Amino acid sequence: MSLSAAINELKGVGPQVASKLHKLGIFTLKDMIEHYPKEYEDRRQITPINECERDEPNSILATVVSSPTVTRKGNLIIVSFRVKDQSGGLYITFYGQAYMKNQFTLGETYLFYGTVKYKYGKIEMESPEYQRVTKGQTAQSVAKITPIYPSTAKLSQKVIRTLIANSLEKCEGDLRENLPNFILKQYGLISKKEALQNIHFPKDNQIFFEARKRLVFEELLMLQLSLYLLKSDFAKRTEGITHKKSEGLGEFIKALPFALTGAQKRVLKEILKDMESKWAMNRLVQGDVGSGKTVIAALALYLAVQGGYQGALMAPTEVLAIQHFMFLEKLMMPFGIQVGLLTGSTTKKQKELLLEKVKSSEIQILVGTHALIEDNVEIPQLGLVITDEQHRFGVRQRLKLSEKGQMPDVMVMTATPIPRTLALILYGDMDISIIDELPPGRQPIKTNAVDSAYHPRIYQFITRHIQEGRQCYVICPMVEESENSSDLRNVVDYTAYLKEQVFPQFQVAYLHGKMKPKEKNEIMARFSKGDIQILVSTTVVEVGVNVPNATIMLIENAERFGLAQLHQLRGRVGRGEHQSYCILVSDSKNKVTRKRLKIMEESTDGFVIAETDLKLRGPGEFFGTRQHGLPEMKIANLYTDAKILKEVQVCAARLREEDSLMGGATVQALVQEVKERIMEEELHHAL
Ligand code: ADP
Ligand code: MG
C-alpha cells in the first residue's frame, strides 16, 4: 500500500474508528505512521509478584490457577481470577468487560502489565494488558518496550498500536529514504525505514535513541530548509552600505544623560562593526524590558546620519512611536539632526509636508508606526532600518521597510526572551546581540500576588506613594462591561469607581485601544508629564512605554493574562531610581494559576519566567512555536533538541552553499519535499 492511502483502506478501520482517528489528525497511512508515541513503558522488567510496587504499573509473568468467574456489583460486571508465579499470587480483575471471561485458560501462562492495588483485603491487578506466552516462547521475547500514544479517550492504546504496526507492515515498500546518503553518513543517521519501525517498537534503548535522532534531525532539517526557501531573498550575506566611522560618536555618547552599561557598550561595538563593514547588517538585539535598547537604536541612527544616510525606526504602536520620537528629537536636536514622526493620526497636510522633507533628505530620521511602510513614503538615502518590538511585526513588513532603501543595514529589537535554540531557527540568518545587564541603580521590582480582599490596603499603599510624588498604572482585562465578563474588572467602570470613591484627590484617567489615537496620545502625554497620577488601562501600555516616575503596577484579574504579558506589563515600572512595585490581584484558586503568579513573585528574569512557564504548561505563549509562526513539531523539541539542531544548522548551511540556494541536484528531491511540506499559506501568513 502507499503511504498516501486513506486510513480507512486499512483492515479493521471502519467508519467509527476512522472518525476517531480523524479527530487525532490522522487521515492517511503516513499520518498514522507519523503519530509518534508520547512516551514508552519498559515492560521487559518482569517483577516477582511479591515484589510488585503497589499503586504502580508492574509486569508480571504468571499462570492462571483459578477459572475466571463473573460477579456483579450493581450494574458493573466483574471478571476475576487468580494467577501465581513462584513468589506468590494475586487476583486479575476486569471491570465492565464480560468477554474477558473467555480470554484466559486455566494452566496457561501470561504476561500481565497493570497497576497493582490492595482492594477489600486482596491484592489485585486491575484491567491489565496481557499477552499469552506459549510453550516455545520466552517471556523476554514477548515483553517489550511499549509505546504510549497521544489518544482520545475512546481509542485504546492497543488499537492504535495494532493500526500502526499494520500500517508499517503494509507500507514497508513505500518507506523510502529521503535524505541524501552523504548526510546519513556524515551525521551517523540510521535509515528512514529503520527509524520509523524503531520509534514505535524499539528493540532496545540504543536503537530507540538512534531512531529518534534520525527523525528529529529530518524534521528540523526540513523546517530549516523551508525557512531558507521562504526567506531566500534576504538570507544570503549581501554587500550593502559601508557606513563611515564617526569621530563625533564619542561626543554624542558624552551628551547622553547617563553612561552606557557594559552590555550596551558591547552591543554597540557589535553594531558598529556590522555597520562599518561592507556587508549588509542583519542583527537582532535582544534585551529584557528596561535594559535600554532605545539608546542603542539612537546611537546607530546617529552614525548612519553622520555618514550622509537616513534612518527609519518603526514601532508597533503609536504611543511607542511618539515616545521614541520625543526621545530621539531631544538627543538629535543639539547635533542639528532633524527627526520626523509619521503615524496613522498624522493629518494629510502634515504628512505631505513631512514626506516632502524626507524625500529631500531634510529630515534624516523618520520614526513611526506601520504607516512607514506605505507605498508613498520615500526615503531616498535610507541606510539603516530599525524595528522595535519586532515580534509585533511580520517578516514581510520588516522587509517592506528595508526595500525602501538599497540594501540598508537592518536591526531589530526585542524584549521577548528567545531561547537560543529557537533563535537559531527563527533568526538563523541573523546575528544576535544580547543586552544582559540593567542600567545601574535599578532596584528589583517587588511583586506581590494577593486576592481582592487586599484592595483597601492596596489603595492606601497607592495613596502613600502618590503623595510622595510617584505615579501608578492600573491594568484591567476588559474595556467595558460585557455580558459574559461581569465578574471581571473593566477600564471604564473601574476608572469611575477609583475616581469617585477611592482617589477623589488625584487625577485618574483611562486609556484603551478603542479610543481615538489623538485621545490616546493626549492621555499618554499627560501621564508622561505627571499631570495624571493614576492611569487605568488595558494592555495597550504593554509594549515599550517608558514613564520612569511610575512605580506601581496594579494588575486586576491577573489570572487573565499570560506570563509574557505580565512580565511586559511589570516592565513598565522599575525604570527609574525609585523602588517599584507590582501587585497582582486574583481570586483564582486554580493550582496552575497560583503557581504562575508565584513565579512572578519569585523572579524578575524574563528567561526564568519563560522557562518555568514552559515547565508548568508546556510550550505556551512565551515559547509557543505558533506565536513565532512555526508549524507544530511532530517529534522534535525545540528546547531540548538543541544539540541536534546545531548539527542541522551546519548541515543546512552547507546544503545551501553547495547547492547554491538549493537549486542543485543533490538536494532536489529534498527541496521538493520541503516545498510540499511547507504549508504555504499558513507559514507565509505567519511570517
Ligand atoms: P527597553 O530596553 O525596555 O526598550 P528603554 O530603552 O526604554 O528600555 O530604557 C529604559 C529606561 O532606562 C529609559 O528611561 C532609558 O532612558 C534608561 N536607560 C537606558 N540606558 C541607561 C543607562 N545606561 N543608564 C541609565 N539609564 C538608562
Ligand atoms: Mg523599548
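Every number for a ligand or one of its atoms is a count from 1 in the order of the listing. All residue numbers refer to positions in the sequence shown, counting from 1. On a predicted model such as this, the values are computed, not experimentally measured, just so you know.
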With a 4.0 Å heavy-atom cut-off (strictly under), which part of Gln264 contacts ligand 1: side chain, backbone, both or neither? side chain
Numbering as shown, the atoms of ligand 1 that approach [X] to under 4.0 Å (heavy-atom distance):
X      : answer
Ala259 : 22 (C), 23 (N), 24 (N)
Thr294 : 4 (O), 5 (P), 6 (O), 7 (O)
Leu260 : 23 (N)
Thr261 : 23 (N)
Gly292 : 1 (P), 2 (O), 5 (P), 6 (O), 8 (O), 9 (O), 19 (C)
Arg442 : 10 (C), 11 (C), 12 (O), 17 (C)

Purely on distance, is any nitrogen or oxygen of Phe258 under 3.5 Å from one on ligand 1? no
Could you say whether the N/O atoms of Asn546 and ligand 1 ever approach to under 3.5 Å? yes
Please lay out, stage by stage, how Val385 and Met411 fare under the test side-chain contact (heavy atoms from CB on, under 4.5 Å). CA-CA 6 Å; Val385 168; Met411 171 177 150; over 6 Å; no
Over 60° means perpendicular and under 30° means parallel, so classify the ring planes of Tyr494 and Tyr459, tilted if in between. tilted
Side-chain donor-acceptor pair under 3.5 Å between [X] and [Y], yes or no?
X      : Y      : answer
Thr343 : Glu318 : yes
Asp288 : His567 : yes
Thr447 : Glu601 : no

Is the closest heavy atom of [X] to ligand 1 under 4.0 Å?
X      : result
Ala415 : no
Gly287 : no
Glu437 : no

Can Asp436 and Arg266 be counted as an ion pair, charged N to O under 4.0 angstrom?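 Yes, charged N to carboxylate O under 4.0 Å.
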Rounded to the nearest 0.5 Å, what separates atom CZ in Arg570 from atom OG1 in Thr604?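 Answer for the CZ-OG1 pair, Arg570 versus Thr604, is 6.0 Å.
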Quick one: pull up CD in Glu577 and CD in Gln443 and give me the separation to the nearest 0.5 Å.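 Reported value, rounded in 0.5 Å steps: 9.0 Å.
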